[in-house]
Amino acid sequence: MEKQTGQRTVRAPRGNQLHCKGWAQEAAMRMLLNNLDPEVAEDPDHLIVYGGIGKAARDWRSFDQLIASLKELDNDETLLVQSGKPVGLFRTHEAAPRVLIANSNLVPSWATWNHFYELEDKGLMMYGQMTAGSWIYIGAQGILQGTYLSFVEAGKKAFGTPDLTGRFIVTGGMGGMSGAQPLAGKMANAVILVVEVDRSRIERKMKEGYCDVLVESLDEALKLVEKFTTKGEPASIGLVGNCADVLPALVEKGVIPDFVTDQTSAHDPLNGYVPNGLTLAEANQLRVTDPKTYEKRSIEAMGIHVQAMLDLQAAGAETFDYGNNIRAYAKQAGVSNAFDIPGFVPAYIRPLFCEGKGPFRWAALSGNPQDIYKLDRLAKEMFPEDEGLVNWITMAQKLVKWQGLPARICWLGYGDRDRFALRANEMVANGELEAPIVFGRDHLDCGSVASPNRETEGMKDGSDAVADWPILNALINTAGGASWVSVHHGGGVGMGYSVHAGQVLVADGSQLAKERIKRVLLSDPGMGIVRHVDAGYDRAMDVANEKGVHIPLKKGD
């Protein structure tokens with residue numbers, strides 16, 4: 001990984017003044033800058049946004065040229081970005097995407113971390129994660145609602161209720177994405193204990209309002225858990241420690257949480273996960289001086305970690321994998337039944353995917369939170385029957401602090417995303433909003449990812465590893481005229497384990513934006529319905545029939 005220190009502070013411009021030749025280019029520039037805002041990024045000095053080494057640009061030279069290229073880009077041109085480096089600019093047409101991005105894509109037989117590191121060391125590639133390298137990360141809120149939904153769906157399954165009052169969750173990780181967990185658990189009315197090796201990460205999440213209290217011993221943490229669960233009071237507790245030590249200690253003590261999961265950066269055993277038996281400083285030194293030993297110890301620790309999760313599961317805890325690929329590495333470490341722990345998508349989320357629902361998001365380029373609050377009101381007015389959405393927005397307004405440009409995450413599905421964005425586009429046109437709105441989503445969406453250990457785990461027809469779907473998603477979104485489109489490899493679960501695509505649209509109040517929205521925000525979530533109909537899910541078939549999604553050949557035809 002490129003070693004850089006002493007870099008500049010990056011922050012997106014606010015307001016309605018253009019620095020580029022059009023709002024699509026301006027939005028791409030601002031969102032790239034926003035990804036690296038110190039309020040947003042984990043390690044902006046090294047261009048790292050979140051998820052171990054998930055970067056927004058390959059190096060600072062590439063970053064500077066990206067900004068310069070976006071500023072000079074005409075409204076009928078398209079910029080090509082290869083793993084964080086601008087590599088070409090071509091004349092296309094006004095309705096085409098202004099930027100096309102490909103990150104971390106390796107030919108399958110070479111799609112390993114070791115080969116990636118060789119290329120990275122030569123300056124030929126960067127790891128784009130999901131929304132880091134596609135310039136639509138909005139901070140921990142980006143995964144907050146999905147984490148909240150996973151907790152409440154787990155509650156329905158285990159206890160027959162989404163209300164987790166008096167319930168106890170144990171998990172690991174408090175980084176850029178995993179840092180959503182303490183607040184999500186609290187939103188579900190639970191007491192959540194999050195184990196994190198890096199004290200500074202807990203302190204940051206306390207400052208951001210995501211975590212209530214920091215403790216340094218398990219006994220102290222358990223006393224607080226007992227206090228809050230007995231009172232039925234929601235609380236989030238950050239414990240400085242290592243999951244490979246803490247979870248076995250819970251087993252030994254006979255302390256069985258109601259829920260157990262994990263969101264450490266286990267997708268990357270070298271740069272993400274921290275092995276036990278070392279201080280954080282010792283681990284950081286070992287990673288540099290002997291990376292092979294570090295990786296070996298990291299995988300061994302994951303085995304211990306997952307075995308403890310299995311032990312807690314056997315004792316009665318509702319236990320699930322939250323998408324970091326820790327089970328695959330635990331299996332490498334000799335835990336043969338690691339996949340007895342279900343993934344969160346097949347366990348709780350897939351029915352939403354069948355409806356074309358997923359983590360839709362928007363950001364206010366004005367920088368004015370009032371633009372987001374106006375859209376909050378619009379969402380409540382447009383979807384009053386969606387009690388979960390209305391409750392979510394109410395909670396988010398009270399509990400979520402802005403990171404960088406004000407933004408909102410909101411799970412919306414087919415037929416709702418386009419209607420909502422069209423109304424927002426009208427509000428920009430008539431001056432109700434101060435500046436254009438950026439609409440995007442996580443790559444973790446209903447029809448934009450192939451990830452056999454996460455989003456596409458356990459597909460009904462066995463098509464878990466079919467990667468045609470995210471490619472088709474990117475192609476149809478490009479054809480429809482999204483403002484920028486990306487195709488990545490390895491996000492969420494690491495190199496060799498996923499292919500996924502993203503799209504972003506800019507609502508600038510124009511007729512062209514209206515036309516783009518009407519095409520892309522139907523085709524994009526529509527891919528989720530098509531993908532799940534093809535896999536044989538009855539709910540997806542029902543939605544396709546209800547919504548008029550045209551599918552030439554269905555299962556059973």
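Salt bridge absent: K157 and E153 never bring a charged side-chain N and a carboxylate O closer than 4.0 Å. Of the charged side-chain nitrogens involved, at least one lies within less than 4.0 Å of a carboxylate oxygen, so that R204 and E208 count as a salt-bridged pair. One finds no salt bridge joining E118 and K122 here, because no Lys/Arg side-chain nitrogen approaches an Asp/Glu carboxylate oxygen to under 4.0 Å. Between D524 and R441, at least one side-chain N (NZ, or NE/NH1/NH2) sits under 4.0 Å from a carboxylate O, which counts as a salt bridge. A salt bridge is absent between E196 and K205; no separation between the charged side-chain nitrogens and carboxylate oxygens falls under 4.0 Å. In summary, R167 and E318 do not engage in a salt bridge, as defined by a charged side-chain N under 4.0 Å from a carboxylate O.
W113 is linked by a ring-ring contact (aromatic ring centres under 6.0 Å, His included) to F116, Y117, Y127, counting only residues two or more places apart in sequence or in another chain. The salt bridge (charged side-chain N to carboxylate O under 4.0 Å, His left out) check on E220 picks up nothing, with sequence neighbours excluded. Scanning for salt bridge (charged side-chain N to carboxylate O under 4.0 Å, His left out) contacts around R297 gives an empty result, with sequence neighbours left out. For Y348, the ring-ring contact (aromatic ring centres under 6.0 Å, His included) partners two or more places apart in sequence, or in a different chain, are F320.
Applying the salt bridge (charged side-chain N to carboxylate O under 4.0 Å, His left out) test to pairs two or more places apart or on separate chains, those with a residue in residues 180-191 are K186-D212.
Side chain of Q145 to main chain of W411: a donor-acceptor pair is present (N/O by atom type, distance under 3.5 Å, no hydrogens or angles). Side chain of T161 to main chain of D163: a donor-acceptor pair is present (N/O by atom type, distance under 3.5 Å, no hydrogens or angles).
Proximity of I202 to M206: side-chain heavy atoms (C-beta onward) are separated by under 4.5 Å at one or more points. Within the 4.5 Å cutoff, the side chain of H532 has no heavy atoms near those of the R539 side chain. Two residues are said to be in side-chain contact when any heavy atoms from C-beta on lie closer than 4.5 Å; R531 and M459 meet this criterion. In this structure, the side chains of D321 and T261 stay at 4.5 Å or more apart for every pair of heavy atoms. By the 4.5 Å heavy-atom criterion applied to side chains, M495 and T112 are not counted as neighbours. The closest side-chain heavy-atom distance from P346 to E457 is below 4.5 Å. Under the 4.5 Å side-chain criterion, counting only non-hydrogen atoms from C-beta, L412 is not in contact with R361.
For the residue pair D290/T293, the side-chain donor-acceptor check at 3.5 Å is satisfied. A side-chain donor-acceptor contact under 3.5 Å links Y273 and H305.
A distance of 6.0 Å separates CD1 in I341 from OG1 in T319, rounded to the nearest 0.5 Å. Atoms OH and CZ, from Y537 and R350 in turn, are 4.0 Å apart once rounded to the nearest 0.5 Å.
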Under 3.5 Å, which donor-acceptor pairs link side chains of residues 247-260 to any protein atom two or more places apart or in another chain?
residue: K253; atom: NZ; partner: D219; partner atom: OD1; Å: 2.9
residue: D258; atom: OD2; partner: F168; partner atom: N; Å: 2.8

Criterion side-chain hydrogen bond (donor to acceptor under 3.5 Å, both in side chains) on S463 and D461, from CA distance to verdict: CA-CA 6 Å; S463 61; D461 64 347; 2.6 Å; yes

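The two residues D45 and W60 come nearest to each other via the heavy atoms O-NE1, 3.2 Å.
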